[in-house]
Amino acid sequence: ASLSITIGFIGSIGTVSVAIWIRPTGTGSVRTLKQSIHLRIVNFAARLCLGLVFVVAAISKLFNLSDFAQRVGDFGLVFDTLVTPTVWVVVVAELLIGVSLVFRWPGSLVCAVGLLLIFVGVLSYGIALGLDIECGCFGPAVHVSLGTQLLADLGLLLVCAIIYATHYRPPNNSNTE
């Protein structure tokens with residue numbers, strides 16, 4: 001299959017604009033270059049915002065590792081001897097995922113979704129037990145309840161869905177004939 005490129009003129013009174021349609025031959029899908037650019041802008045903005053959230057969360061925890069360790073211990077999911085290594089794993093993972101999202105490293109979105117799903121699970125566990133603690137997600141300076149942070153993490157999963165939906169995928173040009 002090959003690509004056919006059509007240049008169409010869309011005009012109104014006094015103005016004429018050009019739109020380029022890129023259509024794989026044999027399919028009915030049409031995406032304008034303008035739509036593609038808008039999707040890339042949305043994708044970049046979403047990646048940048050999500051990446052910055054992860055980086056800011058990691059840095060805020062780095063300045064208060066002992067406080068974050070206390071928060072992790074409060075959930076009771078990790079043996080006391082494993083709290084410190086768990087804290088380091090979370091902080092390093094957040095930092096790497098944040099940077100990788102901004103630079104579009106392969107697998108970064110999957111890792112972000114995975115970490116957010118772990119956070120959602122831990123927060124849901126804490127809510128189900130009726131724990132009256134703060135999550136420590138952004139260090140001791142930000143006081144957030146478990147329920148509020150759960151909603152925020154679900155919102156971040158929505159941002160992940162937006163990143164996935166706006167990801168540029170070149171047309172499938174495989175020859176199936």
Side-chain angles (χ1 to χ4, degrees), residues 29 31-32 34-80 82-171:
S29 65
R31 177 182 279 182
T32 66
K34 189 174 184 179
Q35 288 172 326
S36 180
I37 291 171
H38 287 151
L39 291 178
R40 287 181 184 201
I41 291 170
V42 168
N43 184 277
F44 173 75
R47 279 183 175 276
L48 184 64
C49 290
L50 186 61
L52 287 176
V53 167
F54 276 108
V55 169
V56 167
I59 290 172
S60 67
K61 290 173 188 144
L62 273 175
F63 286 112
N64 297 291
L65 282 175
S66 61
D67 185 70
F68 182 56
Q70 178 64 42
R71 300 289 178 244
V72 169
D74 289 345
F75 281 94
L77 288 171
V78 180
F79 294 118
D80 290 341
L82 296 177
V83 168
T84 301
T86 301
V87 165
W88 278 104
V89 166
V90 169
V91 170
V92 169
E94 285 180 331
L95 195 56
L96 287 175
I97 289 170
V99 170
S100 68
L101 281 166
V102 172
F103 290 106
R104 299 179 52 95
W105 293 347
S108 60
L109 186 59
V110 172
C111 291
V113 169
L115 191 58
L116 285 169
L117 288 175
I118 290 170
F119 291 164
V120 166
V122 169
L123 291 169
S124 297
Y125 170 81
I127 291 169
L129 289 182
L131 297 179
D132 187 23
I133 59 175
E134 292 179 11
C135 69
C137 297
F138 289 96
V142 180
H143 302 285
V144 179
S145 70
L146 298 182
T148 302
Q149 189 58 47
L150 177 63
L151 291 176
D153 286 349
L154 291 173
L156 292 175
L157 283 170
L158 180 61
V159 173
C160 289
I162 291 169
I163 292 169
Y164 179 77
T166 59
H167 176 70
Y168 173 72
R169 290 169 196 82

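Positions are given from 1 along the sequence.
Across all non-hydrogen atoms, the minimal contact from Glu94 to Phe54 is O-CB, 3.4 Å. The heavy-atom pair separating Leu131 from Leu146 by the smallest distance is O-CD1, 3.8 Å. Pairing each heavy atom of Leu50 with each of Ala112, the nearest pair is CD2-CB, 4.5 Å. Scanning both residues, Val87 and Ala69, for their nearest heavy atoms gives CG2-CA, 3.5 Å. When all heavy atoms are compared, the tightest approach of Cys135 to Phe68 is O-CE1, 4.3 Å. Residues Gly136 and Lys61 come closest through the heavy atom pair O-CE, 3.5 Å.
The structure places CG of Leu77 at 12.0 Å from CG of Leu82, a figure rounded to the nearest 0.5 Å. Distance check: Ile133 CD1 to Ile127 CD1 gives 10.0 Å after rounding to the nearest 0.5 Å. Separating the CG atom in Leu101 from the SG atom in Cys49 is a distance of 11.0 Å, to the nearest 0.5 Å. Note that CG of Leu158 and CD1 of Ile163 are 10.0 Å apart. Values are rounded to the nearest 0.5 Å. Rounded to the nearest 0.5 Å, atoms OG (Ser124) and CG (Asp153) are 9.5 Å apart. The line from CG of Leu48 to CG of Leu52 is 4.5 Å long, rounded to the nearest 0.5 Å.
At least one side-chain heavy atom of Leu117 sits less than 4.5 Å from a side-chain heavy atom of Leu157. With a 4.5 Å cut-off on side-chain heavy atoms, Trp105 and Val99 count as touching. Under the 4.5 Å side-chain criterion, counting only non-hydrogen atoms from C-beta, Phe75 is not in contact with Val83. The closest side-chain heavy-atom distance from Asp74 to Arg71 is below 4.5 Å.
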- Task: With side chain to side chain contact (heavy atoms under 4.5 Å, CB included) as the test, would you mind laying out the steps for Trp88 and Leu62 before giving the verdict?
- Result: CA-CA 9 Å; Trp88 278 104; Leu62 273 175; 3.9 Å; yes
- Step-by-step side chain to side chain contact (heavy atoms under 4.5 Å, CB included) determination, Leu116 to Cys160: CA-CA 10 Å; Leu116 285 169; Cys160 289; 3.8 Å; yes
- Message: Is there a side chain to side chain contact (heavy atoms under 4.5 Å, CB included) between Cys137 and Val142? Walk through the geometry before answering.
- Response: CA-CA 8 Å; Cys137 297; Val142 180; over 6 Å; no
- Message: Please evaluate residues Phe119 and Gln149 with respect to the criterion side chain to side chain contact (heavy atoms under 4.5 Å, CB included), reporting the C-alpha separation (whole Å), side-chain torsions for both, the decisive distance (0.1 Å), and the verdict.
- Response: CA-CA 9 Å; Phe119 291 164; Gln149 189 58 47; over 6 Å; no
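The side-chain hydrogen bond (donor to acceptor under 3.5 Å, both in side chains) test applied to Ser145 returns Thr148, not counting sequence neighbours.
For the residue pair Arg104 / Asn43, a side-chain donor-acceptor distance below 3.5 Å is found, with atom types taken as modelled.
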